[in-house]
Undergrad: 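Take a look at the following structure, please.
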There are 2 protein chains.
Amino acid sequence: MVIVMNLDERKKKILSSVVEDYIESAEPVGSKTLVEKYHLDYSSATIRNEMKLLEEAGYLEQPHVSAGRIPSTKGYRYYVDNLMKERKLSMVDINYIDNTINGFGDTDAIFEQIADVVSKILSTPTVITKNNTDTIENIKVVKISDNLLLIVLMSKNGAVKDCIAKLTDTVEDKVIEQMTNILNRDLAGTPIKELHLALNNVIMKDLQAFSNIMDDVVNSIKYEMSKDMKKLNSGMEKILEKPEFSDIDKVKNFINMISTKEVIDSALQKSKDNKLSIVIGSENKEILLNDYTIISLDIEKDNKYLGKLSVIGPKRMNYAKTISTLKYINDKFKNTLTSNKSRNSVKGDNSEKGRR
Amino acid sequence: MVIVMNLDERKKKILSSVVEDYIESAEPVGSKTLVEKYHLDYSSATIRNEMKLLEEAGYLEQPHVSAGRIPSTKGYRYYVDNLMKERKLSMVDINYIDNTINGFGDTDAIFEQIADVVSKILSTPTVITKNNTDTIENIKVVKISDNLLLIVLMSKNGAVKDCIAKLTDTVEDKVIEQMTNILNRDLAGTPIKELHLALNNVIMKDLQAFSNIMDDVVNSIKYEMSKDMKKLNSGMEKILEKPEFSDIDKVKNFINMISTKEVIDSALQKSKDNKLSIVIGSENKEILLNDYTIISLDIEKDNKYLGKLSVIGPKRMNYAKTISTLKYINDKFKNTLTSNKSRNSVKGDNSEKGRR
DNA sequence: GTTAGCACTTAAGTATTGTGAGTGCTAAAA
DNA sequence: TTTTAGCACTCACAATACTTAAGTGCTAAC
C-alpha cells in the first residue's frame, strides 16, 4: 500500500530514535543526545549528516536552525508503518481496565466507561461516535408507578438505551399496551438518525388517541437520544499536563476545535474499511486538525458495528501504547457486552461461545 | 446576625462601585475610574481619602502601592449583605433555562441537566451533591429480555434511579418476583450511603438461592450508585476564559483542588440551616479555598431535601447573577420534578397544584 | 471638608545583552 | 569513500537594564 522509501538501517534507527525520544521528551532531539542515549556507534557529526538527509527527504523537520530535529508527519507515518514495535500493556493498565469496564448499564453507559478509561490511561481526550445507521428493533414500555414510565429501546445491532418518562396524567395498563404496539409499529426499522423525525410523525398521527401520555413518552425518548456525542470532553483536564498545551490559548483553541462537531465528523469519516485507523497531522483534510493525530477503532459486537472510539491529541502521541490500549479494550469489550461475569470468579465457562 | 459597620452613604457608594467594577473588569479600581464611570460628584483626591479609610477598615485591599483597590473578603461580604441589588435574570437566560431543563430522565439525569445549565449561564464549575441520608423506599425489577433486567430504585424523598443488569443466565418471571421481594425486604429503609454495605449483606444471605442472577443485579446497582458526585467537572472549560486563570498552573491547581472530594465536602458541610449559603474567600475554613467563593442552594421537592447545587469560582464572581440564577432554577426545579409539561403549550392547567 | 498639585512607587512592557545548544561545513583521518 | 574533529555561525531563551503609565499619599490652598 504505502511506498516504502529506501532508508538504510542506520537511517531507520535514527528516525525511530528521534520519534521515540521526541514522544517522550517533547523537546527537539539533537545529534549528541542520539549518540549518547541510543548508543549509535558513530560520532555526532555523522548523525548530523544523516539527519540532514532525513530532513531533505521529508522525514524530519527543524523548528529553527539551532534546534534539534522533530519528526514530520511523513516521519511519524513511516515510524508507525515500518518501525514501531507493538508493545504489551503494563499490568497496571490491564488491571485498571479489567476492574473498571464491567458492562453495567446501557450501551451508552458502557461507551462512556470506555471513553473514561481510555482517557485516563492515555491522558488524552476521547470521542465516542455512535453508529447512527443502526435501526430500532424493539421498544418496551414499563409502568413503574402511576406517573412514571420506563422506556427501553433496543437496536438491531444490540445497543440498549433506556429512559424514564414522567407523566402528567395517570395511565392504565391497557393504554400502555396499546401505546407500545403503536410505537413498535411506527418505529421498528427506523434508523437511529431518523428517529427524531419518526417520533414527530408518531405524535402527529397518534397524539389524539393518547393525549398527553404519548407526548410525554415521545419527548423523553427525544431528549434521551439528543445526548449523542456527549462524551467528547472526557479527559480534557489531562491535556493540561502536556507541554503542547502550556499556553492557555492553545488549550482554548483545541477545546473549541474538538467541540465543533463538523471538525470531528470530517475527521472520522475517512477510512471506513479499517477497524483501526490512524490519521496523522496533515493527513487530516481538515486544516484545523493538521497538528493533531486521531486514532480510531471500530467497536463491534457479534460482528455488528456499534460505533467508533477515537483518541485525539497532538501528533506527538504515544502511538504504540495508544494502539495496544485500543486493541485490548476492543477485545475486552466484546466479552463485556456479552457477559459481565469476567471479573467475578468464573465458575461455569461452558456458556461462552468459545471463540478466543 | 452580621454587625453592620457604620459606613456613610458615600462610603457605601464607593464600596459598591469598587466591587461591581472589579467583578466586571477584573482590574484593580482606581479613584479616577470611580469618579468618571460612576459619577461620584467629588474629586479623585476625595475618593482617594475615602478609599484609604475603607482600606484601613478592612473592606478594600491594594495589590501593590501603585495599583487601584480590590474588595477584601470583608468587602464582598458587606456588599452581598447590604449593598447588592437583586437582579432579574435576562430573558435570554430564562429562555435557555426553560428550554433546557425539561425533567426527562431519572433524578441524577435532572441534576446533571441543572449543573450543565448553571455552568453555561454562569461560566463556572458546578457541583451537585446528593442527599445521601435519603433512604430507599421501593425497588422494581423488570424483565426486558431473556438476559436483561431493568432495576428501578425509588427513594423516600422521591428520587428515582434506574439501571440495567445484564445476566449471564436466563431468568424466569417467578424468580424475578421472588428476588424483588427479597430486595425490598432487605433494602427498604436503607440510607443511600449505607446501600453498598446492605447490598453486600443481601448477597451474603441470598446468593445461594438465586446464584448468579442476584449477583448480576446487585453489582449493577452498586455500579450505578458509585457514580455519585460525578458532575463535578461540568463547566470546567469555562474557567479558562476568566483572567484569574490566565496561568495554566492556576488552572491545574484549581482543578486538582475541586477534584479533591475532601475539600468540597468540607466546604459544603457548613450552614445547613440556610437554603442559600454563600461562603466567601477566607470565610472558608479550608485554606485551599480561601481565594474562592462557594454559593450553594438546597434542592428540594415537596419540602424534601434532595441534594445541594453549588457553584464554585473565584471570589470575584457575579454574586447578583449567580444568586438570581440559582433561585430561578430552584423554583423551576420544583415544578419540573412534578411535571414536565411546562415547555409545551399548556392546555389544561387544572391538573396543577396551583401553588405559585 | 474638599481639591489641585506633585513627588513617589511599582508593575508591566520594551530594548539590550549574554549564554548555550545545536547546526553545517571544511579539511583531515580512517 | 566514509567518518570525524574542529570551528564559525545561528537563534531561542534568560537575565538585565530602561521606560512608561497608572495610581497613590501627602501637603497646602481653597
Side-chain angles (χ1 to χ4, degrees), chain A residues 6-15 17-18 21-22 24-72 75 243-244 246-248 250, chain B residues 6-15 17-18 21-22 24-72 75 243-244 246-248 250:
Chain A
N6 50 345
L7 296 187
D8 58 44
E9 284 309 310
R10 194 168 67 186
K11 285 200 183 61
K12 284 183 184 172
K13 174 75 179 149
I14 290 172
L15 178 54
S17 300
V18 170
D21 198 76
Y22 185 62
E24 198 195 313
S25 72
E27 299 288 335
V29 189
S31 53
K32 224 172 138 195
T33 311
L34 285 176
V35 173
E36 283 163 14
K37 206 163 151 190
Y38 295 89
H39 314 296
L40 302 177
D41 273 337
Y42 298 95
S43 77
S44 62
T46 308
I47 306 300
R48 276 203 292 283
N49 290 332
E50 290 286 67
M51 291 206 291
K52 185 111 198 283
L53 294 173
L54 280 167
E55 185 177 359
E56 278 160 12
Y59 295 97
L60 295 180
E61 44 197 43
Q62 216 173 2
H64 57 87
V65 71
S66 75
R69 299 304 203 299
I70 62 175
S72 66
E244 277 85 351
S246 60
D247 178 9
I248 204 111
K250 286 177 195 151
Chain B
N6 51 343
L7 296 187
D8 58 43
E9 283 310 310
R10 193 167 69 186
K11 285 200 182 63
K12 284 182 185 172
K13 175 75 179 148
I14 291 172
L15 177 54
S17 300
V18 170
D21 197 77
Y22 184 63
E24 198 195 313
S25 72
E27 298 288 336
V29 189
S31 53
K32 223 172 140 195
T33 311
L34 284 176
V35 173
E36 284 164 11
K37 207 162 152 192
Y38 295 89
H39 313 297
L40 303 178
D41 272 338
Y42 297 93
S43 76
S44 63
T46 308
I47 306 299
R48 275 203 292 285
N49 290 331
E50 290 285 67
M51 291 206 291
K52 185 109 198 283
L53 295 173
L54 280 167
E55 186 178 359
E56 278 159 12
Y59 295 97
L60 295 179
E61 45 197 43
Q62 217 174 1
H64 57 88
V65 71
S66 77
R69 299 304 204 297
I70 62 175
S72 65
E244 275 86 351
S246 60
D247 178 8
I248 204 110
K250 287 178 195 150

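Just so we're on the same page: letters track the sequence lines, and every chain starts at 1.
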Undergrad: Can you name the side chain to side chain donor-acceptor pair (under 3.5 Å) partners of Ser66(B), sequence neighbours left out?
TA: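 Per chain and number, Ser66(B) pairs via side chain to side chain donor-acceptor pair (under 3.5 Å) with His64(B).
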Undergrad: Show the atom names and distances, to 0.1 Å, of all donor-acceptor pairs under 3.5 Å that link a side chain in residues 34-48 of chain A to residues at least two apart or in another chain.
TA:
unit_1	atom_1	unit_2	atom_2	d
Lys37(A)	NZ	Asp21(A)	OD1	2.7
Tyr38(A)	OH	Asp21(A)	OD1	2.8
Ser43(A)	OG	Ala45(A)	N	3.3
Ser43(A)	OG	Thr46(A)	N	3.4
Ser43(A)	OG	Thr46(A)	OG1	3.3
Ser44(A)	OG	Arg48(A)	NH1	3.3
Arg48(A)	NH1	Ser31(A)	OG	3.3

Undergrad: Would you mind reading off the distance between Tyr22(B) atom OH and dG23(D) atom P, rounded to a whole angstrom?
TA: 14 Å
Undergrad: In whole angstrom, give the distance that lies between atom CD of Glu27(B) and atom C1' of dT24(D).
TA: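 My rounded result for the distance is 17 Å.
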Undergrad: Of the residues in residues 30-37 of chain A, which ones touch DNA chain C at a heavy-atom distance under 4.0 Å?
TA: Gly30(A), Ser31(A)
Undergrad: Run the side chain to side chain contact (heavy atoms under 4.5 Å, CB included) test against Asp247(B) and tell me which residues pass, sequence neighbours left out.
TA: Asp249(B), Lys250(B)
Undergrad: Output a table of nitrogen or oxygen pairs between the protein and nucleotides 12-18 of chain D separated by less than 3.5 Å.
TA:
none

Undergrad: Considering only heavy atoms of chain B and a distance under 4.0 Å, specify the first and last nucleotide of DNA chain C in 5' to 3' order that meet this criterion.
TA: dT2(C) to dA11(C)
Undergrad: Tell me, please, which residues at least two apart from Lys52(B) pass salt bridge (charged side-chain N to carboxylate O under 4.0 Å, His left out).
TA: Glu56(B)
Undergrad: Nearest whole angstrom, please: distance from the C1' of dT2(D) to the NZ of Lys11(A).
TA: 12 Å
Undergrad: Run the side chain to side chain donor-acceptor pair (under 3.5 Å) test against Ser246(A) and tell me which residues pass, sequence neighbours left out.
TA: none
Undergrad: How many Å lie between CD on Gln62(B) and P on dA22(D), as a whole number?
TA: 16 Å
Undergrad: Sequence neighbours left out, what passes side chain to side chain contact (heavy atoms under 4.5 Å, CB included) with Gln62(B)? Give chain and number order.
TA: Glu55(B), Arg69(B)
Undergrad: Side-chain contact, heavy-atom cut-off 4.5 Å: Leu54(A) with Val18(A)?
TA: no
Undergrad: Test of understanding: with side chain to side chain contact (heavy atoms under 4.5 Å, CB included), list the residues that count as partners of Glu50(A), not counting sequence neighbours.
TA: Asp8(A), Arg10(A), Lys11(A), Ile14(A), Leu53(A)
Undergrad: Could you report the tightest heavy-atom contact between Pro63(A) and Gly68(A), atom names first, then the distance?
TA: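 Of all heavy-atom pairs spanning Pro63(A) and Gly68(A), the closest is CD-O, 3.4 Å.
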Undergrad: Rounded off to whole Å, could you give me the CZ-to-P distance for the Arg48(A) and dT4(D) pair?
TA: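 It works out to 11 Å between those atoms.
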Undergrad: Holding to side chain to side chain contact (heavy atoms under 4.5 Å, CB included), I want the full list of residues that pass it with Glu61(A), two or more places apart in sequence or in another chain.
TA: Ile70(A), Ser72(A)
Undergrad: Does some side-chain heavy atom of Tyr59(B) sit less than 4.5 Å from a side-chain heavy atom of Pro71(B)?
TA: no
Undergrad: Write down the protein N/O and nucleotide N/O pairs, taken from nucleotides 27-30 of chain D, whose separation is under 3.5 Å; answer none if there are no such pairs.
TA:
none

Undergrad: Just by distance, do the side chain of Ser17(B) and the backbone of Lys13(B) share a donor-acceptor pair under 3.5 Å?
TA: yes
Undergrad: Could you state the CD1-P distance from Ile70(B) to dT24(D), rounded to the nearest angstrom?
TA: 13 Å
